[in-house]
Amino acid sequence: MEKKKVAIPLVCHGHSRPVVDLFYSPVTPDGYFLISASKDTNPMLRNGETGDWIGTFQGHKGAVWSCCLDRNALRAASASADFSAKVWDALTGDELHSFEHKHIVRACAFSEDTHLLLTGGMEKTLRVYDMNRPDAAPRELDKSPGSVRTAAWLHSDQTILSSCTDMGGVRLWDVRTGKIVQTLETKASVTSAEVSQDGRFITTADGSSVKFWDANHFGLVKSYDMPCNVESASLEPKSGSKFVAGGEDLWVHVFDFFTGEEIACNKGHHGPVHCVRFAPGGESYASGSEDGTIRIWQLSPANSDDNEAANANGKTTAGVNEVTTKIEGFHIPKEGQTEG
């Protein structure tokens, strides 16, 4: 029997509480970047390829539930339990805007053209902010049927999709009318919804199921039962032949998109996996966990014998203390900082 290669991840330390959301930027002239949201109130920006810490966005007073970067990775946004969504300068770490809400904000997403910011949360209201007129009142869509858990843009910013914390289904909103035009039905509530890089598929995780939907005709393409309840799933962006899923069993699973067969099972996290996302080139994927770490895994792991970067514990670490690439002006997290 062929011995399976053991994946040795880059382990990214720095967060002091669970990591609940991850977002990769597209490839930019400066490479690509990874932003993470954590209950420790401090979103962090990293080099997406190496995991090296670049900086920390400081200013939230509560857990940060969602984070994103615009397509040029020049601005970041974060959604927090402190009833605000904030927009940041991703080069300096400075806070550019703070949009106050009346309840916990769970989701945020920049439009493809980068001019709009979408937010949603416990208020059951989706709001669209104009980044060219940030002081203007946001546009509000029709009331969501439940508390918003995820939100994303589709169809060149003509459609918005959202899911709810307390009910199944993904709702598709026509941006022009602000009304729901279709619902993709699921039994359990959808905890992760991702639009594929080419715009063809919507990948959802609900309960112990990962589903793939046609993003243009909205039919169900594939549905696979998972070995446990999964919180997040992500489709490989280049060939679309594999997907990753993570959840309550602490493992990061890799599956064949066409057959649903498990290809790899990566062990290393010490708590449930809350979020998984593929890098824009598809060569690696990141996982964030209750244990406060981010792990970056290569899709085709090298033999551990060949991996000179591995330390004595068999892990490559990219910690806050070892980073050489810092962007000037970024705020460095203070020791002993606590959650608000």
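- Side chain of Thr186 to main chain of Ala188: a donor-acceptor pair is present (N/O by atom type, distance under 3.5 Å, no hydrogens or angles).
- Among residues two or more places apart in sequence or in another chain, the salt bridge (Lys or Arg N to Asp or Glu O under 4.0 Å) test is passed with Arg75 by Asp70.
- In this structure, Val11 and Ile294 have side chains that are not in contact, with every pair of non-hydrogen atoms separated by 4.5 Å or more.
- At a cut-off of 3.5 Å, with distance as the only test, no side-chain donor of His101 or Glu123 sits close to an acceptor on the other residue.
- Members clustered with Leu250: Trp251, by chain and number, using a 4.5 Å side-chain heavy-atom cutoff among hydrophobic residues.
- In this structure, Leu141 and Thr125 have side chains that are not in contact, with every pair of non-hydrogen atoms separated by 4.5 Å or more.
- Scanning for salt bridge (Lys or Arg N to Asp or Glu O under 4.0 Å) contacts around Arg171 gives an empty result, with sequence neighbours left out.
- A side-chain donor-acceptor contact under 3.5 Å links His15 and Ser36.
- A donor-acceptor pair is defined here as one N or O able to donate and one able to accept, closer than 3.5 Å; no such pair exists between the side chain of Asp206 and the backbone of Val190.
- Judged by distance alone, the side chain of Glu236 and the main-chain N or O of Lys238 form a donor-acceptor pair under 3.5 Å.
- Side-chain contact, Ser98 with Glu100: a donor N or O sits under 3.5 Å from an acceptor N or O.
- For Thr28, there are no side chain to side chain donor-acceptor pair (under 3.5 Å) partners at least two apart in sequence or on another chain.
- Listed for the Asn72 side chain is no donor-acceptor partner under 3.5 Å among the backbone atoms of Leu74.
- Formation of a donor-acceptor pair under 3.5 Å by the Ser38 side chain with backbone atoms of Pro18 is found in this model.
- Across every non-hydrogen atom of Arg295 and Pro9, the tightest pair is CB-CB, 4.0 Å.
- Other members of the hydrophobic cluster containing Met122, listed by chain and number, are Val20, Trp65, Phe83, Ile104; membership follows side-chain contacts under 4.5 Å among ILVMFWY residues, whether direct or relayed.
- In this structure His115 satisfies the ring-ring contact (aromatic ring centres under 6.0 Å, His included) test with no other residue, sequence neighbours excluded.
- Between His274 and Ser289, the side chains place no donor N or O within less than 3.5 Å of an acceptor N or O (distance only, hydrogens not considered).
- Checked against salt bridge (Lys or Arg N to Asp or Glu O under 4.0 Å), Asp30 has no partners two or more places apart in sequence or in another chain.
- Note that NZ of Lys124 and CG of Asp142 are 14.5 Å apart. Values are rounded to the nearest 0.5 Å.
- The two residues Ala279 and Glu283 have their closest heavy-atom pair at CB-OE2, 3.8 Å.
- Listed by first and then second residue, the salt bridge (charged side-chain N to carboxylate O under 4.0 Å, His left out) pairs that reach into residues 219-234 are Arg149-Glu231, sequence neighbours excluded.
- Side-chain atoms of Ser196 come within 3.5 Å of backbone N or O of Arg200 as a donor-acceptor pair.
- Counting only N and O atoms by type, the side chains of Tyr285 and Asn266 include a donor and acceptor under 3.5 Å apart.
- The shortest side-chain heavy-atom distance between Ser147 and His103 does not fall under the 4.5 Å cut-off.
- Identified under the salt bridge (charged side-chain N to carboxylate O under 4.0 Å, His left out) test for residues 152-162, with sequence neighbours left out: none.
- By the salt bridge (Lys or Arg N to Asp or Glu O under 4.0 Å) test, Asp21 is found to be paired with no residue, residues two or more places apart in sequence or in another chain being considered.
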Quick one: do Lys211 and Leu220 satisfy side chain to side chain contact (heavy atoms under 4.5 Å, CB included)? Show the steps, please. CA-CA 7 Å; Lys211 295 181 174 67; Leu220 182 62; 3.8 Å; yes
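- For the 3.5 Å distance criterion, the side chains of Lys39 and Thr41 fail to qualify, holding no donor opposite an acceptor.
- Within the structure, ring pair (Phe, Tyr, Trp, His ring centres under 6.0 Å) contacts touching residues 172-213 (residues at least two apart or in different chains) are Phe201-Phe257, Phe212-Phe243, Phe212-Phe257.
- Among residues two or more places apart in sequence or in another chain, the ring-ring contact (aromatic ring centres under 6.0 Å, His included) test is passed with His253 by Phe255.
- Inspection of the Glu194 and Ser234 side chains reveals an N or O donor paired with an N or O acceptor under 3.5 Å.
- Checking Trp53 against Thr56 by side-chain atom types alone, a donor-acceptor pair falls below 3.5 Å.
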